[in-house]
**Student:** 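One structure is given below, represented as structure tokens, and several questions about it will come after.
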Amino acid sequence: MGYTLGQKLIKSHLVSGDMTVGSEVALRIDQTLTQDATGTMAYLEFEAMGVPRVKTELSVAYIDHNTLQTGFENADDHRFIASCAKKHGLRFSRPGNGICHQVHLERFGKPGKTLIGSDSHTPTGGGIGMLAMGAGGLDVAVAMGGGAYYITMPEIVLVNLTGKLRPYVAAKDVILEVLRILSVKGGVGKIIEYGGEGVKTLSVPERATITNMGAELGATTSIFPSDEVTRDFLRAQGREDDWIELMPDADAEYSRVVEIDLSALEPLAAMPHMPDNVKKVSEIGQIPIDQVCIGSCTNSSLFDMLKVAKILKGKTVAPNVSLAIAPGSMQVLNMLARNGALADMIAAGARILESACGPCIGMGQSPNSKGISLRTFNRNFEGRSGTADAGIYLVSPETAAVSAVTGVLTDPTTCTTDLSVQMPDSFLINDNMIELPAPVEEMDSVEIQYGPNIKPFPATAPLLDTIEAKAVLKVGDNITTDHIMPAGAKILPYRSNIPYLSQFCFKQCDPDFAENCKTAGKAIVVGGANYGQGSSREHAALVPLYLGVKAVITKSFARIHQANLVNAGILPVTFDDPADYDRISQGDMLCLPDVRAKLIAGESVTLVNETTGESYPVTCSVSDRQRDILLAGGLLGYTKANAES
Ligand code: MIC
Ligand code: SF4
């Protein structure tokens with residue numbers, strides 16, 4: 001039997017493990033990326049590991065999330081990361097240079113390579129045939145130090161594309177359709193591969209929109225073949241030498257095939273508050289809107305921006321609407337400026353933002369109370385925009401721009417303006433905002449610049465013999481890491497200050513969560529299915545660790561969050577019978593008797609509800625390696641212990 005794209009890349013990077021679906025495989029990592037909101041922690045962890053210089057082929061530290069500098073904290077973090085990059089051998093992408101995923105695709109990504117990033121949208125690199133995955137900061141730190149990255153061998157799903165998109169129907173509509181079909185949990189444990197005749201009709205930026213938002217499926221990653229279209233893109237980036245062809249074997253087998261006829265697609269929107277709450281724009285109807293935001297790592301390429309500029313040219317943004325546009329990188333912004341498209345946007349009344357994540361992570365541009373905002377972003381979780389009662393609709397740049405002008409949600413296929421956009425033969429290449437590391441002989445003289453906002457890593461402890469604690473919180477299905485550890489302009493500056501962050505933990509679900517944990521001393525959280533979906537932020541594990549959470553018991557976990565819990569030394573446990581979830585109430589006293597000994601012996605584990613007297617069979621959903629990490633009290637201690645032995 002032949003191999004699929006993902007299987008080929010796993011095979012060529014396999015360090016250990018066998019490629020049977022469900023078993024753990026260790027992969028050699030060629031490239032890493034970090035962004036600043038997760039990066040401060042990742043570099044503190046890297047420093048703690050004591051490795052002097054990164055051992056990857058390429059590692060890049062980006063500044064793109066915390067660029068709203070309302071106090072000293074973010075600027076201090078930027079300096080800290082810059083000094084780490086210089087000392088430890090990484091490239092440093094300065095603030096203003098763009099969103100990590102957009103810049104990485106433009107300047108560094110290579111077909112056939114593995115990439116992990118401390119950001120869940122790292123799969124953007126799958127648009128040029130990389131095996132690119134989101135990971136917790138600690139996993140990225142380990143990979144920077146030359147360690148392997150561990151994943152559960154995924155199933156492979158093929159999305160077979162036929163036909164060609166009609167004008168005003170976009171790549172965003174393709175991934176929204178995949179989300180509609182598969183749901184936010186449909187990709188868990190899977191790689192989503194794109195194939196079929198329709199692939200060659202999609203440009204690299206379009207492919208990258210699709211792989212980027214595969215994160216919302218919960219997928220391990222998403223990947224496109226590397227073909228002549230990929231080659232043209234890399235040539236235009238002055239990097240044709242980085243191209244290799246990557247195709248699945250003709251006899252590759254897939255666990256499922258999803259058929260999508262591109263020519264039959266219509267403009268879609270993900271309605272509040274989940275990316276899979278997808279309907280046709282025409283079905284939702286012309287609801288009045290208050291805001292439109294165009295940008296984010298999903299839809300901020302030159303390709304997207306040129307279309308938006310064409311739609312806005314000669315028009316004015318509707319009086320009731322605020323339109324914000326953040327081009328994804330300095331390259332995109334500069335090219336828009338030179339060819340006049342930026343002037344068309346400005347003249348229409350767009351509020352041009354710097355090339356950064358911005359409103360996507362609640363860093364400014366929060367909508368008005370009960371505001372309806374159309375965004376070309378990838379997540380519309382409740383409260384993420386910074387306005388608790390706002391309603392966020394995720395749409396294509398075409399739908400967003402057309403609606404910004406009409407003032408109501410509008411099906412863009414009603415427009416007649418010619419939208420055809422030619423990809424340039426060569427992009428404007430200027431890497432002056434990417435700093436190189438100090439040469440090896442000078443690295444010792446580089447001083448790491450710690451700001452006063454950087455607080456120590458929370459204390460970890462080896463797994464307890466018995467975990468006995470109150471179910472301090474019980475939550476439902478699809479809890480996101482934004483629920484667990486919210487972001488936004490007011491909180492993000494404290495990403496390296498876990499004690500301060502802790503007061504916001506689970507705020508949206510239970511305003512008293514942090515206090516209750518402190519009173520209880522030890523805590524257990526009970527969750528539904530797909531617990532911890534969304535971002536890669538390890539803060540959603542480190543903060544609960546700080547607050548004394550010892551175990552999280554759920555119907556199922558999202559991939560990156562499960563790994564982050566283990567890395568933090570918190571036990572992830574799943575109900576054998578999901579119906580037992582209903583038998584536990586918030587406040588019940590729970591116990592996992594002799595859990596340490598049982599894990600070591602490989603024996604089955606029981607959860608005792610001391611309040612009701614019932615017992616439930618549960619599984620500690622970890623691999624043998626993860627078990628050892630938990631026994632050691634987390635990945636940092638485990639890695640150091642292994643390095644010393
Ligand atoms: C996000 O989109 O939620 C983020 C902010 O990019 C996160 C990372 C973070 O929380 O810093 C992600 O997706 O991993
Ligand atoms: Fe930044 Fe938003 Fe992309 Fe996260 S999803 S990396 S916050 S643009």
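Side chains are part of it too, since the values below use all heavy atoms of this structure and drop only hydrogens, waters and symmetry mates. Order of listing sets the numbers, starting from 1, for every ligand and every atom in it.
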**Student:** Check this for me, if you would: do Asp482 and Arg379 make a salt bridge, where the nitrogen-to-carboxylate-oxygen distance has to be below 4.0 angstrom?
**Tutor:**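 Between Arg379 and Asp482 there is no salt bridge, as every charged N stays at least 4.0 Å from the carboxylate O atoms.
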**Student:** Should you measure from each heavy atom of His65, which atoms of ligand 1 turn up under 4.0 Å away?
**Tutor:**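 Matching atoms, with element in brackets: 4 (C), 5 (C), 6 (O).
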**Student:** Around atom 2 (Fe) of ligand 2, list the protein N/O/S atoms within a radius below 2.8 Å, excluding water molecules.
**Tutor:**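 Less than 2.8 Å away from atom 2 (Fe) of ligand 2 sit Cys360 SG.
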**Student:** Is Ser120 in polar range of ligand 1, meaning some N or O pair under 3.5 Å apart?
**Tutor:**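 Indeed, backbone or side chain, Ser120 has an N or O that close.
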**Student:** Within this structure, what is the CZ-CD1 distance for the pair Arg79 and Ile63, rounded to the nearest 0.5 Å?
**Tutor:**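 The CZ atom of Arg79 sits 11.5 Å away from the CD1 atom of Ile63.
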**Student:** Please evaluate residues Phe108 and His104 with respect to the criterion ring pair (Phe, Tyr, Trp, His ring centres under 6.0 Å), reporting the C-alpha separation (whole Å), side-chain torsions for both, the decisive distance (0.1 Å), and the verdict.
**Tutor:** CA-CA 5 Å; Phe108 298 116; His104 207 86; 5.6 Å; yes
**Student:** Check ligand 2 against Asp119 and write out every atom of the ligand that is under 4.0 Å from a heavy-atom position of the residue.
**Tutor:**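 With Asp119 as reference, the close atoms of ligand 2 come out as 6 (S).
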**Student:** Side chain to side chain donor-acceptor pair (under 3.5 Å) with Ser355: which residues, sequence neighbours excluded?
**Tutor:**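 For Ser355 there are no side chain to side chain donor-acceptor pair (under 3.5 Å) partners, ignoring immediate neighbours.
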**Student:** Going by the atom numbers of ligand 1, which of them fall below 4.0 Å from some non-hydrogen atom of Asp119?
**Tutor:**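 In order of number, 4 (C), 6 (O), 7 (C), 8 (C), 12 (C), 13 (O), 14 (O).
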**Student:** What protein heavy atom sits nearest atom 7 (C) of ligand 1, and how far off is it?
**Tutor:**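 Ranked first by proximity to atom 7 (C) of ligand 1 is Ser535 CB, 3.2 Å.
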**Student:** Just say parallel, tilted or perpendicular for the rings of Phe506 and Tyr531, cut-offs at 30° and 60°.
**Tutor:**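 Tilted.
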**Student:** Within ligand 1, which atoms have a heavy atom of Ala37 less than 4.0 Å away?
**Tutor:**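 Every atom of ligand 1 under 4.0 Å from some heavy atom of Ala37: 11 (O).
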**Student:** Could you work out, for atom 1 (C) of ligand 1, the closest of His121, Arg379, Glu538 by heavy-atom distance?
**Tutor:**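 When every heavy atom of His121, Arg379, Glu538 is considered, Arg379 comes closest to atom 1 (C) of ligand 1.
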**Student:** Look at atom 8 (C) of ligand 1 and say which protein heavy atom is nearest, naming residue and atom and giving the distance to 0.1 Å.
**Tutor:**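 The closest one turns out to be Gln35 NE2, 3.1 Å.
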**Student:** Salt bridge or not between Glu435 and Arg91? Use side-chain N to carboxylate O under 4.0 Å.
**Tutor:**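 No, Glu435 and Arg91 are not salt-bridged.
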**Student:** Taking the ring centre of each residue, are Phe233 and Phe427 less than 6.0 Å apart?
**Tutor:**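 Ring-ring flag for Phe233/Phe427: true, centres closer than 6.0 Å.
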**Student:** If you measure every N/O of Ser118 against every N/O of ligand 1, is any gap under 3.5 Å?
**Tutor:**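 Between Ser118 and ligand 1, no N or O pair is found under 3.5 Å apart.
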**Student:** If you have a sec, work out which protein heavy atom is nearest atom 10 (O) of ligand 1 and how many Å separate them, to one decimal?
**Tutor:**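 Protein heavy atom with the smallest distance to atom 10 (O) of ligand 1: Arg537 NE, 2.6 Å.
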**Student:** Run the numbers for me: atoms of ligand 1, each under 4.0 Å from some heavy atom of Arg495, listed by number.
**Tutor:**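 Going through ligand 1 atom by atom, the ones under 4.0 Å from Arg495 are 9 (C), 10 (O), 11 (O).
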**Student:** Please classify the Ile361 to ligand 1 contact at 4.0 Å (heavy-atom distances, strictly less than): side chain, backbone, both or neither.
**Tutor:**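 Side chain only; the backbone of Ile361 stays clear of ligand 1.
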**Student:** Please table the atom pairs, donor to acceptor, closer than 3.5 Å between any side-chain atom in residues 359-366 and protein atoms at least two apart or in another chain.
**Tutor:**
residue	atom	partner	partner atom	Å
Ser366	OG	Ser385	O	2.8

**Student:** Do Phe80 and Tyr450 make the cut of ring centroids closer than 6.0 angstrom?
**Tutor:**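 Ring centroids of Phe80 and Tyr450 are less than 6.0 Å from each other.
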**Student:** Salt bridge check, Asp77 against Arg495: does any charged N sit closer than 4.0 Å to a carboxylate O?
**Tutor:**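 Looking at Arg495 and Asp77, the cut-off is not met.
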**Student:** Which atoms of ligand 1 have any heavy atom of Ser536 under 4.0 Å away?
**Tutor:**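 Listed by number with element: 12 (C), 14 (O).
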**Student:** Is there a side-chain contact between Gln626 and Val566, using heavy atoms and a 4.5 Å cut-off?
**Tutor:**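 Yes - at least one pair of side-chain heavy atoms lies under 4.5 Å apart.
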**Student:** Please list, chain by chain and in numerical order, all residues satisfying ring pair (Phe, Tyr, Trp, His ring centres under 6.0 Å) with His88, sequence neighbours excluded.
**Tutor:**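 Expected list: Phe46.
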**Student:** Got His101 and Leu33 here, is their nearest side-chain heavy-atom distance under 4.5 Å?
**Tutor:**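 His101 reaches Leu33 side chain to side chain.
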**Student:** Given that the side chain starts at C-beta and the backbone is N, CA, C, O, which of these parts of Arg384 lies under 4.0 Å from ligand 1, counting heavy atoms, or is it both or neither?
**Tutor:**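 Just the side chain.
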